[in-house]
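Naming: A, B, ... by sequence-line order, numbering from 1 per chain.
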Amino acid sequence: MSRWILHADLDQFLAAAELLRRPELAGRPLVVGGDAGQLDDPHARTVVATASYEARGYGVRSGMPMRLARRRLAETDAVFLPSDTTYYEQVSDEVMRLLRGLGEPVEVIGWDEAFVGTDGDPRELAHRIRGTVATTGLSCAVGIGDNTLRAKTATGYAKPGGIAELTAANWFATLGADPPEALPGIGRATARALAELGITTVTRLAESRPGDVAARLGPNRGPYYVSLGRGMGRTELETGPWVPRSRSRETTFPTDLTDRAALHTELRTLAHRVAADVAAEDRDCVRVGIRVRTRSFRTTTRSRALDPPGRGADAIADVAAQLLDELDPDRPVRLLGVRAELTEPA
DNA sequence: TCTGGGGTCCTAGGACCC
DNA sequence: TCTGGGGTCCTAGGACCC
């Protein structure tokens, strides 16, 4: 247990990582997203993964359709780069290695985010984290909190590249009047459900009766949301390596597929990629799932135990094919995905 | 906003068993 | 079989995060 929790969040990570190896692009709007093969396809159905701060100045945001981003940046000297996940993982690994070298407990929670705990001076550590990250050529914002939730929420006030602090002492003064969506873990759907209960601010959420929220949002989630409103979080960090529980691959096709044989070909390709990922983990698959999204954006999933568990590509592909046959989509398919649930690691 | 890809966790209903 | 209550597993879907 740590007296203080710090949350470090790398600034515009994918764009910043690209600038590390292409410093000549500094200052120009930069947008990262899509695969290398789709970059020049004007019809590709991709979205923005990360926009640099310059690009954000033109209203470009993560998750925005790439075609819209191109339109917004049409009159600029913007640069568009495909996602290079292998490279980002390398850069991320190096940053996390340096953070672990600080001598404090570290919990990695994503490519560009980590919690660091300390019983010492949190301001001093925050500056040390920023200095350490700076040695890689990247920068980060740091949130200081008395638990994980307050630290992560604080980072929102620190971006980009600053330091902010949220504790029990200033929690409600800082965001009590904000909508519940200001809290990590509460999205649009939950916010709407809370609004129907008359809960429109963090303070009102904190003052709600857990049972009332549970009746609407579930026996565990309800009380959990109330605890979020109160600013409660963990003070214990999970410092072990991240162990994936599943591996999946999915593809959105440039144009919808209707041909059954073509769907099966794509499904097998995905299943073999998943099988390779499973084998790379040196674990077995216990359950195979597929995901089908049709033209109307309606998404359906099916899954079945793999009996016996294993990692054979054909065994995984055969179950996926069975599930697709049983689902038998009668509408044009825009996305196909295959997922493997994994055994516990050895 | 014609809406990616890779993950995690929770919920709820039905099956099944005692 | 005019029929209870509960636990657990399986499955589909929803919500959220980066």
- Using centres under 5.5 Å plus planes under 30 degrees as the test, is A/Phe297 stacked with B/dT3?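 Given the distance and angle limits, yes, they stack.
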
- Message: Name the residue from A/Arg331, A/Arg334, A/Arg295 that meets the salt bridge (charged side-chain N to carboxylate O under 4.0 Å, His left out) definition with A/Asp256.
- Response: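 That would be A/Arg295.
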
- Message: Keeping A/Thr343 on the side-chain end and A/Asp284 on the backbone end, is there a donor-acceptor pair under 3.5 Å?
- Response: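 Between the backbone of A/Asp284 and the side chain of A/Thr343 there is a qualifying donor-acceptor contact (under 3.5 Å).
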
Among [options], the nucleotide that comes nearest once only the side chain of [X] is considered:
X        : options               : result
A/Arg67  : C/dC16, B/dT3, B/dG7  : B/dT3
A/Asp112 : B/dG5, C/dC18, B/dT8  : C/dC18
A/Glu250 : C/dA12, B/dG7, B/dG5  : B/dG5
A/Ala189 : C/dA12, C/dA15, B/dT3 : C/dA15
A/Ser246 : C/dA12, B/dG7, C/dA15 : B/dG7
A/Leu68  : B/dG5, C/dA12, B/dT1  : B/dT1
A/Pro65  : B/dT1, C/dG13, C/dC10 : B/dT1

What's [X] touching, base or sugar-phosphate or nothing? Going by heavy atoms closer than 4.0 Å.
X        : result
A/Gly187 : sugar-phosphate
A/Ile109 : nothing
A/Arg291 : nothing
A/Arg245 : sugar-phosphate
A/Arg249 : sugar-phosphate
A/Thr299 : nothing
A/Thr85  : nothing

Counting just side-chain N and O atoms, does [X] come under 4.0 Å of either OP1 or OP2 of [N]?
X        : N      : value
A/Arg302 : C/dG13 : yes
A/Ser62  : C/dC18 : no
A/Arg221 : B/dC9  : no
A/Thr301 : C/dT11 : no
A/Lys152 : C/dC18 : yes
A/Arg293 : B/dG4  : yes
A/Ser248 : B/dG6  : no
A/Thr251 : B/dG5  : no

- Message: With a 6.0 Å cut-off (strictly less than), is the heavy-atom count around OH of A/Tyr157, excluding the residue itself, greater than 12?
- Response: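 More than 12 heavy atoms, drawn from other residues, nucleotides or ligands, come within 6.0 Å of this atom.
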
- When the distance from CD1 of A/Ile186 to C1' of B/dC9 is rounded to whole Å, what number comes out?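 Taking CD1 of A/Ile186 and C1' of B/dC9, I get 15 Å after rounding.
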
- Query: Between C/dC16 atom C1' and A/Leu183 atom CG, what is the distance in whole Å?
  - Reply: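 Answer to the nearest Å: 13 Å.
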
- Query: Would you call A/Asp119-A/Arg3 a salt bridge at under 4.0 Å N-O?
  - Reply: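 Looking at A/Arg3 together with A/Asp119, the answer is no, because their closest N to O distance does not fall below 4.0 Å.
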
- Query: Below 4.0 angstrom, N of the basic side chain to O of the carboxylate: do A/Glu207 and A/Arg204 qualify?
  - Reply: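 Between A/Arg204 and A/Glu207 there is no salt bridge, as every charged N stays at least 4.0 Å from the carboxylate O atoms.
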
- Which residue lies toward the 5' end of DNA chain B, A/Asn220 or A/Trp242, if each is placed at its nearest nucleotide?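 Closer to the 5' end of DNA chain B: A/Trp242.
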
- Between A/Gly222 and A/Arg72, which has a closest nucleotide on DNA chain B that is more 5'?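 Nearer the 5' end of the strand: A/Arg72.
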
- Item | C/dG4 versus B/dC16 - spacing of their C1' atoms, nearest Å |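 Comparing C1' positions in C/dG4 and B/dC16 gives a spacing of 16 Å.
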
- Message: For the CD1 atom of A/Ile163 and the NE2 atom of A/His127, what is their distance to the nearest 0.5 Å?
- Response: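 Reported to 0.5 Å precision, the distance equals 3.5 Å.
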
- Item | Modelled atom types, side-chain donor and acceptor of A/Ser139 and A/Asp11, under 3.5 Å |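 Per modelled atom types, A/Ser139 and A/Asp11 side chains form a pair under 3.5 Å.
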
